[in-house]
Amino acid sequence: MKKKAELVFIPAMGIGHLVPMMEFAKRLLNRDDRFSITVFLIKPLFVSSEYISYTDFLADSVPRLQFIHLPELDPPPSSYNLGNRGSLVSVLVETHKQLVKHTITNLFFSNSDSESAQTRAPLAGLVIDLFCSTLIDIANEVDVPPYIFFTSTAGFLGLLLHLPELDNQINTDFKDSVTELSIPSFTNPVPPFVLPLPLWSKKDDGYDCYLYHGRRFTEAKGVIINSFAELEPTPLNSFSSGRIRPPPVYPVGPLIDLYGQGHNQNQLEENIKSWLDDQPPSSVVFLCFGSRGSFNAAQVKEIAIGLERSGHRFLWALRRPPEKNKLHPPTDYVNIGEVLPEGFLNRTGERGLVCGWVPQTAVLAHRAIGGFVSHCGWNSILEGMWFGVPIAAWPLYAEQHLNAFEMVKELGGLVVELRLDYRGGEDLVMAEEVERGVSRLMDSDCGVRMKVKEMMEKSKSALMDGGSSFNFLGSFIKDLMDED
Ligand code: UDP
């Protein structure tokens, strides 16, 4: 008889982390009907409607997948540095640790009163987001293997694993003390300015947070990563040859929400769709900067002027920044013309459309799209590649500068460089840079276009029966179930 097993998944709060983890859950459940999965949801500080509707939708439509919304606890102290999402999430998870243990014990291990514990399949493992590594302790206490679910690049995983060693080697802040860092998951020396901001200074709250996670990853039973062998051979190989040996790494990606279900919006609005339908194939540059990307008024003007001068057709997802130091995501403008240069909408009306949030995968899938100016969030890079759309890199926050560096410098120019060192605030990417970046991106002969098409084929093959990610998923199942 087949041995049934259940897994508990614990995502970080944030749609960009939840969606790839849920894509992995769906793939695992599709692949092997012995599994069922329960997802524990820690309430984010700001719950967006999409978060709720997405999990409700999955609970209704995916067999053997259920959700438990953990009770809300007190938020972290307001003195906490709210600008750093990674450490905020980590603190929130820390406060939920005992609650997680209690919920697992009730569901799976209680002897008498818990009906659930008697009827459920045995708990085979805990799959936890990279920012939840403190829950390795809980996995150990209930004696099940912990697996880290890593939502970014293997290059970044390599950096975090190597961080404790770098911390020992270099006594002062990386940003001031060295011009380049040697990191085993990168072939080229890495300039400190492409590190995530919290790693610039050892005094930053986020620095210790990253250091902590990097140390703890080595205690996991395995790391499941949203990447694929053909895309990141160097970092993935570095794990088996380096001095720091992580547990087995399973690249099972790309894990993409192709139908936009995570954003409760899989349909392109009619006006955008009909506008795109009227444009020639591969003629439109799409500008979109993730769930948290926005610009101040001066930067918006430079982009507008650069776009206008480039002469290319464009679709621009432009969003209003949140108030200073607020964690709320950007919102859509009520009157988009208010931030654009005077007359811009009239002058470019024939060849451009400015909009708010759009379902990105539906846009990238449209035949009119010929280029993508992106903040280089990892989901966005994987999506661009999946649809064979070349990307121009304009990283904004989190680990996006490192992602962009890897794509531009390490992978032989898989992405066009627009600007690698932009950090918001006083910094400005001038109209000329925008114009130049867009023109290079839309150049039909650009080598990047061919490389991206090749990678598009590889990303699809990786998921097919016998492909690299398909096989790694098989290895994960075997290791988990202790099968030969
Ligand atoms: N996204 C979207 N429409 C938008 C902006 C973003 O559908 O206007 C989606 C995009 O398809 C991707 C996710 O939001 O799946 C953003 O994830 P990513 O890792 O690229 O960046 P993050 O938002 O986490 O910085």
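In each ligand, atom 1 is the first atom listed, and ligand 1 is the first ligand listed. Quick note: residue numbers are just sequence positions, from 1.
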Checklist line | Main-chain N/O of Gly155 paired to Glu232 side chain as donor or acceptor, under 3.5 Å | finding: yes
Margin query: Checking the N or O distance criterion of under 3.5 Å, is ligand 1 in contact with Tyr397?
Written below: yes
Checklist line | Location of contacts on Arg319 toward ligand 1, heavy atoms closer than 4.0 Å | finding: neither
Next item on the list: Could you tell me whether Arg292 and ligand 1 have an N or O pair separated by under 3.5 Å?
Entry: no
Check: So among Ser227, Pro20, Pro254, which one has a side-chain contact (heavy atoms from CB on, under 4.5 Å) with Leu382?
Finding: Pro254
Item checked: Contact with ligand 1 for His17, non-hydrogen, under 4.0 angstrom -> no
Next item on the list: Can you sort out which atoms of ligand 1 are near Val358, meaning under 4.0 Å from one of its heavy atoms?
Entry: 2 (C), 3 (N), 4 (C), 7 (O), 8 (O)
Check: Taking the inter-plane angle between the rings of Phe295 and Trp394 on a 0 to 90° scale, is it parallel (under 30°), tilted (30 to 60°) or perpendicular (over 60°)?
Finding: tilted
Margin query: I want to confirm something. Looking only at heavy atoms, which of Asp257, Asn379, Thr361, Leu382 is nearest to atom 18 (P) of ligand 1?
Written below: Asn379
Check: Numbering the atoms of ligand 1 from 1, which are under 4.0 Å from a heavy atom of Gln400?
Finding: 25 (O)
Next item on the list: With heavy atoms only and a cut-off of under 4.0 Å, state how Ser374 meets ligand 1: side chain, backbone, both or neither.
Entry: neither
Notebook entry, point to check: Just checking, any donor-acceptor pair under 3.5 angstrom between side chains of Asn379 and Glu383?
Noted result: no
Check: Nearest heavy-atom pair of Ile391 and Val415: which atoms, and what distance?
Finding: O-CG1, 3.4 Å
Check: For the rings on Phe40 and His96, is their centre-to-centre separation under 6.0 Å?
Finding: no
Notebook entry, point to check: Counting each atom of ligand 1 from 1 as listed, which ones have a heavy atom of His375 under 4.0 Å away?
Noted result: 20 (O), 21 (O), 22 (P), 25 (O)
Check: What atoms of ligand 1 come closer than 4.0 angstrom to any heavy atom of Cys288?
Finding: 4 (C), 5 (C), 8 (O)
Check: Are the charged groups of Arg320 and Asp332 less than 4.0 angstrom apart, N to O?
Finding: no
Next item on the list: Report the part of Trp378 in contact with ligand 1, treating N, CA, C, O as backbone and CB onward as side chain, heavy atoms under 4.0 Å; options are side chain, backbone, both, neither.
Entry: backbone
Next item on the list: Indicate the ring-plane relationship of Phe24 and Phe9, choosing parallel, tilted or perpendicular according to the 30° and 60° boundaries.
Entry: parallel
